[in-house]
Amino acid sequence: MTVHFYNSLTRRKDPFEPITAGKAAIYTCGPTIYNFAHIGNFRAYMFEDLLRRYLMFRGYDVKHVMNLTDVEDKLIRTCRETGKSLKELTEFYAQAFFEDIDTLGILRAHAYPAATDHIPEMVDMIKTLREKGHTYEAKGSIYFKLSTFPDYGALSHIDADTLRTGGSGRVDADEYEAEEARDFALWKAWDEDDGEVFWETELGKGRPGWHIECSAMSIKYLGNHFDIHCGGIDNMFPHHENEIAQARCATGQPFVNYWLHCAHLMVDGRKMSKSLGNFHTLRDLLEKGLDPRAIRYTLLATHYRQPANFTFEAVEAATQALRRIRDFRIRLAETTGEGDALQEECAACEKAFVRDMDDDLNISGALGAVFNFIRDVNKKLDAGSAGREGADNALALLDRLDAVTGVFAEADEEAAPQEILDQVAARQEARRNKDFAAADAIRDALLEAGWVIEDTPDGARVKRA
RNA sequence: GGCGGCAUAGCCAAGUGGUAAGGCAGAGGCCUGCAAAGCCUUUAUUCCCCGGUUCGAAUCCGGGUGCCGCCUCCA
């Protein structure tokens, strides 16, 4: 069995065949850093994190590049509204973005190219497109002439001729100078509203269009032809179609083999929107006291092509699931003596996990396999038949699977301080004297302080509530 | 108007032709001085609705309903 991905290009699950054996080059569309990212954005980055981690788990040497869009309409508008410079804004929100992905345990990409650091690359690509006859100019702006790229629409399976101008109601078609509404801007001539935001280049005074950055930067960092390109489903058209048009027309070579698109996240069964009051940034959720790992679990646990529903109830369920994992690890750590090496259970778990993940990253099935494993091993721990070797094997398996999911690691909790341990000892003494009222009072007081006591055959265990 | 996705228990969510994974929550039990944790049993005769194909459908087909996405810069 090999890794299979649902490829938007073929609309099938295709076996993953890398261009270079053993390597996987991934480009993922990153954030526009004009505000704090919301949990819908993080769902996409979480899926990409899972993809990257799983390919690493499967032995691929992965190179992951994510762009940062730091020049674009919304940013320029924000500059105008706040009086801040582009640099001030984007540095602030880029910083916030990195803090957030660290909080969620999302691995850092190998490179985060920012658009404004690659103006020359974009200018070069636009010049190449111009030389090859794929562009035209109107009022100082340069447009891509779609009619010169017959394959347009192959990814989203849209017939370019049927596109309805302004069909989304988002755009006033009259604002555009393109010959045809479906043509898109490669280079936008400066106008007053752009203020300080412009570059003087061979193409004139202006700024790059949005789509060109991803073509220019992905090619710079991953080559003309690379393996995997990801993004939200909403980016499939037109952004990714436009990327394909630019890249293929510029290089004359194939561009990307596998396009993977992530479905949207809904909140409480509705589209996330500020007016519904269900719009959450990661920071909002942390302020409400939610555990970042539980948020990670919640965003991760639904298959990436499935529209997911984010609820506080689901985060609570995730918190409990993580607690179950934590308690399982604690039991394993305490296991001593000879006994079952748990090889059968470990092998069955890993096999099921890999089988499901190979199937287009079926994380829900894979997590189910791990919980079955936890139950089976708990049973043996109850029976006292598992030994230290088995516990080590089980912990090693959890660590391997944690490298893929980020939800099976040892909880990084502080050890109970001496005063708490003294209380626990005092309670044990009371229990020995059959003074259960005193023992229970101590237990209640400790629980109040955030520590829970569990009595085991080997003595009392204290852990964070 | 065009194109596409989704609809599985109280909640989250796998399963895409062979008789409903898993997590959370609930109920009962074992264990415990009592708890907690763990384990066991239980919780959808049924997978949005109506038809059809089939020996057999949550899974395929047709028609509805609802939610969501894209149709020029939203993950």
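All values derive from a computational prediction rather than experimental measurement. The sequence lines fix the lettering, A, B, ..., with proteins before strands; numbering per chain opens at 1.
- Dashed line: the shortest gap from a side-chain N or O of A:T302 to OP1 or OP2 of B:rA13 is under 4.0 Å.
- Both A:E48 and A:R11 sit near RNA chain B, but only A:R11 has its closest nucleotide nearer the 5' end.
- The residue from A:D183, A:L129, A:I212 that alone fulfils the side-chain contact (heavy atoms from CB on, under 4.5 Å) condition with A:F144 is A:L129.
- In this structure, A:I363 reaches neither bases nor backbone, as no heavy-atom distance under 4.0 Å exists between it and the strands shown.
- Within the 4.0 angstrom heavy-atom criterion, no nucleotide atom of any strand lies near A:A366.
- Of all the residues in residues 453-465 of chain A, A:I453, A:E454, A:D455 reach under 4.0 Å from RNA chain B with at least one non-hydrogen atom.
- Protein atom CZ of A:R293 is 17 Å distant from nucleotide atom C1' of B:rC24, rounded to whole Å.
- Note on A:K434: every side-chain N or O is 4.0 Å or more away from OP1 and OP2 of B:rG33.
- The existence of a salt bridge linking A:R331 and A:D327 is excluded, since no basic side-chain nitrogen approaches an acidic carboxylate oxygen closer than 4.0 Å.
- Close to B:rC67, at under 4.0 Å from its OP1 or OP2, lies no side-chain N or O of A:K271.
- The side chain of A:R431 lies closest to B:rG33 when the candidates are B:rA36, B:rG69, B:rG33.
- Separating the P atom of B:rU42 from that of B:rC49 is a span of 26 Å, rounded to the nearest Å.
- Residues A:Y304 and A:D360 bring a donor and an acceptor atom of their side chains to less than 3.5 Å of each other.
- Comparing B:rC67 with B:rC24, their P atoms sit 32 Å apart, to the nearest whole Å.
- One atom, NZ of A:K379, and another, P of B:rC40, lie 4 Å apart when rounded to the nearest Å.
- Across all strands, A:N372 comes closer than 4.0 Å only to sugar-phosphate atoms, never to a base (heavy-atom distances).
- Residue A:H303 places its side chain closer to B:rA14 than to any other of B:rG69, B:rA14, B:rC24.
- When the C1' atom is compared between B:rC12 and B:rC71, the two are found 32 Å apart, to the nearest whole Å.
- Using a 4.0 Å heavy-atom cutoff across all strands shown, A:H38 reaches at least one base atom of the nucleic acid.
- One N or O donor and one acceptor, one from the side chain of A:D440 and one from the base of B:rG33, sit under 3.5 Å apart.
- Using a 4.0 Å cut-off, no side-chain N or O of A:Q306 falls inside it from OP1 or OP2 of B:rC12.
- Rounded to whole angstrom, the span from the CD atom of A:Q320 across to the P atom of B:rG10 amounts to 21 Å.
- Of the candidate nucleotides B:rA75, B:rC6, B:rG33, B:rG33 has the atom nearest to the side chain of A:R427.
- A:Y6 does not carry A:K13 over the face of its six-membered ring by the limits of under 6.0 Å from the centre and within 45° of the normal.
- With centres under 5.5 Å and a plane angle under 30°, the ring of A:F436 is stacked against the base of B:rG33.
- One atom, CE of A:M357, and another, P of B:rG15, lie 13 Å apart when rounded to the nearest Å.
- Note that CH2 of A:W451 is 13.0 Å distant from CD of A:Q423, once rounded to the nearest 0.5 Å.
- In this structure, a donor-acceptor pair under 3.5 Å is present between the side chains of A:H157 and A:R11.
- When the side-chain nitrogen and oxygen atoms of A:N309 are compared with OP1 and OP2 of B:rA13, none of them lie within a distance under 4.0 Å.
- Along RNA chain B, the nucleotide closest to A:A185 and the one closest to A:G365 are compared, and the more 5′ of them pairs with A:G365.
- A:N362 comes within contact range of the sugar-phosphate backbone alone, with a heavy-atom separation under 4.0 Å but no base atom that close.
- As judged by a 4.0 angstrom heavy-atom cut-off over every strand, A:G231 is placed among residues touching the sugar-phosphate backbone only.
- The listed nucleotides are B:rA14, B:rC68, B:rG38; the one nearest the side chain of A:R331 is B:rG38.
- Within the structure, side-chain hydrogen bond (donor to acceptor under 3.5 Å, both in side chains) contacts touching residues 306-316 of chain A (residues at least two apart or in different chains) are A:E316-A:Q320.
- To the nearest 0.5 angstrom, A:K205 atom NZ is 12.0 Å from A:T201 atom OG1.
- Listed pair A:N378 / B:rC39 meets the phosphate criterion, a side-chain N or O lying under 4.0 Å from OP1 or OP2.
- Contacts of A:R324 with the nucleic acid, taken as non-hydrogen atoms under 4.0 Å apart, involve only primed sugar atoms and P, OP1 or OP2.
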Under 3.5 Å, side-chain donor or acceptor atoms of residues 96-104 of chain A against the rest of the protein: list the pairs with distances, not counting sequence neighbours.
residue: A:E99; atom: OE1; partner: A:R283; partner atom: NH2; Å: 3.1
residue: A:E99; atom: OE2; partner: A:Q95; partner atom: NE2; Å: 3.1
residue: A:D100; atom: OD1; partner: A:R283; partner atom: NE; Å: 3.0
residue: A:D100; atom: OD1; partner: A:R283; partner atom: NH2; Å: 3.1
residue: A:D100; atom: OD2; partner: A:R283; partner atom: NE; Å: 3.4
residue: A:D102; atom: OD1; partner: A:R108; partner atom: NE; Å: 3.0
residue: A:D102; atom: OD2; partner: A:R108; partner atom: NH2; Å: 2.7
residue: A:T103; atom: OG1; partner: A:E99; partner atom: O; Å: 2.8

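- Remark: C1' of B:rU32 and CZ of A:R443 are 10 Å apart, rounded to the nearest angstrom.
- One cannot find a donor-acceptor pair under 3.5 Å joining the base of B:rC39 and the side-chain atoms of A:R375.
- Among A:Y45, A:Y93, A:F42, the single residue meeting the side-chain contact (heavy atoms from CB on, under 4.5 Å) criterion with A:P31 is A:Y45.
- Rounding to whole angstrom units, CZ of residue A:F373 and C1' of B:rG23 are separated by 17 Å.
- Here A:H264 packs flat against the base of B:rA75; its ring centre is closer than 5.5 angstrom to the base's six-membered ring, tilted by less than 30 degrees.
- When the C1' atom of B:rU16 is taken as reference, atom CZ of A:R305 falls 12 Å away, rounded to whole Å.
- Side-chain proximity of A:R270 to the nucleotides B:rG22, B:rA75, B:rC68 is greatest for B:rC68.
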